[in-house]
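Start at 1 and go down the list; that is how both ligands and their atoms are numbered.
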Amino acid sequence: MTTTEATPKSFPPPPPAGPRPNPAPEAAIERVLLPTGTQAWLVTRHDDVRQLLRSPDFSADFTAPGFPVLRRVPPPDPKRSAGLFIRMDAPDHTFFRRMLTSEFMIKNMRTLEPLIRQTVVGALDSLTAAGQPADLVEHFALPVPSMVICHLLGVPYADHAFFQNRSRTLLAWSTPPEEAQAAADDLRAYLERLIDVKVAEPGDDLVSRLATERLATGEITRDELVGLSLLLLIAGHETTANMIGLSALVLLQHPEQLRELRDDPALIDDTVEELLRYLTIVRQGLPRVAVRDTVVGDHEIKAGEGVIALLSAANFDAEVFAAAEEFDLHRGSHSHVAFGFGVHQCLGQPLARSELRIALAELTQRLPDLALAVDPSEVEYRDAVIYGVRRLPVTW
Ligand code: HEM
């Protein structure tokens, strides 16, 4: 067993100046000081991160004593946290997750692919119609996943400016807690009205199915349906949008690999996996708290101590990924943890993969002369829980 008594480093570190995460910390496990003034263990090795994320000795419930929060949050409120199963443990987590598993299965996502392709092609048309230079985020990276998740959930895309704005506010580090809560409340009120419409006139969409098959039967409450819809709406567009923007930037910065991908479209699956690893957009890691005394790697963690599974460090672990700092689409990065690991591993990953493959394949094939319209040093990055670029001015 080892113990570390050194003065803790601050976490998270300042954002990097480019698309790739900061270099991985050297220590396998070290004590860090969070912006809220509390301390937590930062877990960085690939093996340890996977062990901790699949262990029942850790809780994902942010109301559990000792849970490591990176931002000050208002006191827990059952109405506001209903249905948000990403922050629940079994059996509640299992109950909600099971309700949605079949909806997000790979085979269902495959049937969605023609619609994704159509959406991608339409967004590329709107990008080229905007005239050069145009912002790839505004015309392509953000609309594609927003339209797809709207279609799946039955949310009118016409309302995209509203929900994109509130999601951005909610996820930005700089948003004061009260403002973040107001943004979440606005989204909740919007979804409550939407659910009333679905109850009265169900359509062929996920929110309607949940309203008729689970809400009407009393299996879930209205607040829980609001929470489920909120989680899916936010997770469904913000993450993939940030991945598409950053991926385009990384490919443009690696012109030889971009050319290879253009010449051999079959490389798209490996390219997407390597981009997921190399970018690890959930950069601040995944917080958990130990619910009993336990061991991670060779390190003892006491009940009530917070831990952060640093996905970006695990994805750059030299024991698993040789020359991890390099972007290499031939790597075959299938053991990355960009979608997390264990029971909370991303529910939307089949959807995210389909969207990324189609979006990046069409972008590279249809705009072979795509280029950055600014110097890479001028690209601005998002100050948010999920890393991304604010704008990406391009020509073609
Ligand atoms: C490239 C895009 C994406 C990335 C990198 C990503 C990443 C992640 C990660 C790291 C987690 C684990 C959180 C934890 O353990 O605390 C997660 C969970 C989740 N993601 Fe994603 N995600 C992406 C896209 C999506 C999409 C498109 C959806 C769509 C609906 C989605 C829905 C969810 C949900 C519902 C959870 C919670 C699962 C649970 O707690 O059981 N994600 N995601």
Side-chain angles (χ1 to χ4, degrees), residues 21 43 49-50 52-55 58-62 67-70 81 83-101 103-105 108-109 112 116 141-142 144-153 155 167 171 205-207 210 227-247 272-289 307-312 314-315 336-360 384-388:
V43 178
V49 161
R50 297 212 303 183
L52 127 64
L53 290 177
R54 72 171 167 244
S55 165
F58 291 94
S59 165
D61 176 358
F62 83 105
F67 193 86
V69 281
L70 296 187
S81 50
L84 299 181
F85 62 97
I86 193 166
R87 290 285 157 262
M88 290 178 192
D89 298 327
D92 296 347
H93 169 263
T94 326
F95 171 77
F96 290 113
R97 176 141 181 154
R98 280 212 185 120
M99 208 169 274
L100 296 170
T101 306
E103 295 279 349
F104 287 91
M105 274 176 1
N108 282 348
M109 292 306 123
L112 203 65
I116 300 177
L142 190 53
V144 167
S146 299
M147 284 184 200
V148 173
I149 197 71
C150 279
H151 171 87
L152 252 171
L153 295 180
V155 170
S167 305
L171 296 175
D205 56 68
L206 178 52
V207 176
L210 291 170
L228 291 177
S229 312
L230 179 68
L231 177 58
L232 295 174
L233 181 61
I234 298 177
H237 81 274
E238 265 295 335
T239 48
T240 315
N242 286 320
M243 266 305 294
I244 295 174
L246 282 170
S247 298
V272 165
E273 295 315 308
E274 173 64 350
L275 285 163
L276 286 162
R277 178 197 76 86
Y278 185 77
L279 293 166
T280 318
I281 56 169
V282 181
R283 229 161 247 196
Q284 81 289 359
L286 303 178
R288 299 286 193 265
V289 63
V307 293
I308 291 175
L310 194 57
L311 303 181
S312 55
N315 279 344
H336 69 73
V337 287
F339 287 120
F341 197 70
V343 291
H344 287 279
Q345 192 175 29
C346 182
L347 177 75
Q349 54 182 300
L351 173 61
R353 285 197 164 102
S354 290
E355 290 181 322
L356 289 169
R357 286 172 186 158
I358 297 173
L360 297 174
V385 173
I386 300 164
Y387 203 65

Where ligand 1 meets [X] - atom numbers and elements under 4.0 angstrom, heavy-atom basis:
X    : value
F85  : 35 (C), 38 (C), 39 (C), 40 (O), 41 (O)
I86  : 13 (C), 18 (C), 37 (C), 40 (O)
L286 : 13 (C), 14 (C), 15 (O), 16 (O)
R97  : 38 (C), 39 (C), 41 (O)
R87  : 16 (O)
H93  : 39 (C), 40 (O), 41 (O)

Backbone of [Y] reached by a side-chain donor or acceptor of [X] within 3.5 Å:
X    : Y    : answer
N315 : Y278 : no
H237 : V148 : no
S247 : M243 : yes

Given [options], which one has a non-hydrogen atom that is nearest to [atom]?
atom                    : options                : result
atom 31 (C) of ligand 1 : S247, A338, P287, A235 : A235
atom 29 (C) of ligand 1 : G236, A60, A241        : G236
atom 42 (N) of ligand 1 : G285, A352, C346, P350 : C346
atom 23 (C) of ligand 1 : T239, L232, V148       : T239

Measure the distance from [atom] to every protein heavy atom, then report the residue, atom name and distance (to 0.1 Å) of the closest one.
atom                    : value
atom 28 (C) of ligand 1 : G348 CA, 3.5 Å
atom 30 (C) of ligand 1 : F104 CE2, 3.6 Å
atom 11 (C) of ligand 1 : F339 O, 3.8 Å
atom 27 (C) of ligand 1 : T240 OG1, 3.6 Å
atom 40 (O) of ligand 1 : H344 ND1, 2.6 Å
atom 1 (C) of ligand 1  : M243 CG, 3.5 Å
atom 16 (O) of ligand 1 : R288 NH1, 3.1 Å

Option among L232, L356, N108, I116 that satisfies the side-chain contact (heavy atoms from CB on, under 4.5 Å) test with L351: I116
Could you check if a side-chain atom of [X] sits within less than 4.5 angstrom of a side-chain atom of [Y], using non-hydrogen atoms only?
X    : Y    : value
F85  : L231 : yes
V343 : R97  : no
V49  : F341 : no
P287 : L70  : no
I244 : P145 : yes
L206 : L100 : yes

L311 and L53: CA distance, side-chain angles, deciding distance, side chain to side chain contact (heavy atoms under 4.5 Å, CB included) verdict: CA-CA 10 Å; L311 303 181; L53 290 177; 4.1 Å; yes
Parallel, tilted or perpendicular, as decided by the 30° and 60° cut-offs, for the rings of F67 and F62: perpendicular
Backbone or side-chain N or O of E355 under 3.5 Å from ligand 1 N or O: no
Close N or O approach (Q345, ligand 1; < 3.5 Å): no
Any V343 heavy atom less than 4.0 Å to ligand 1: yes
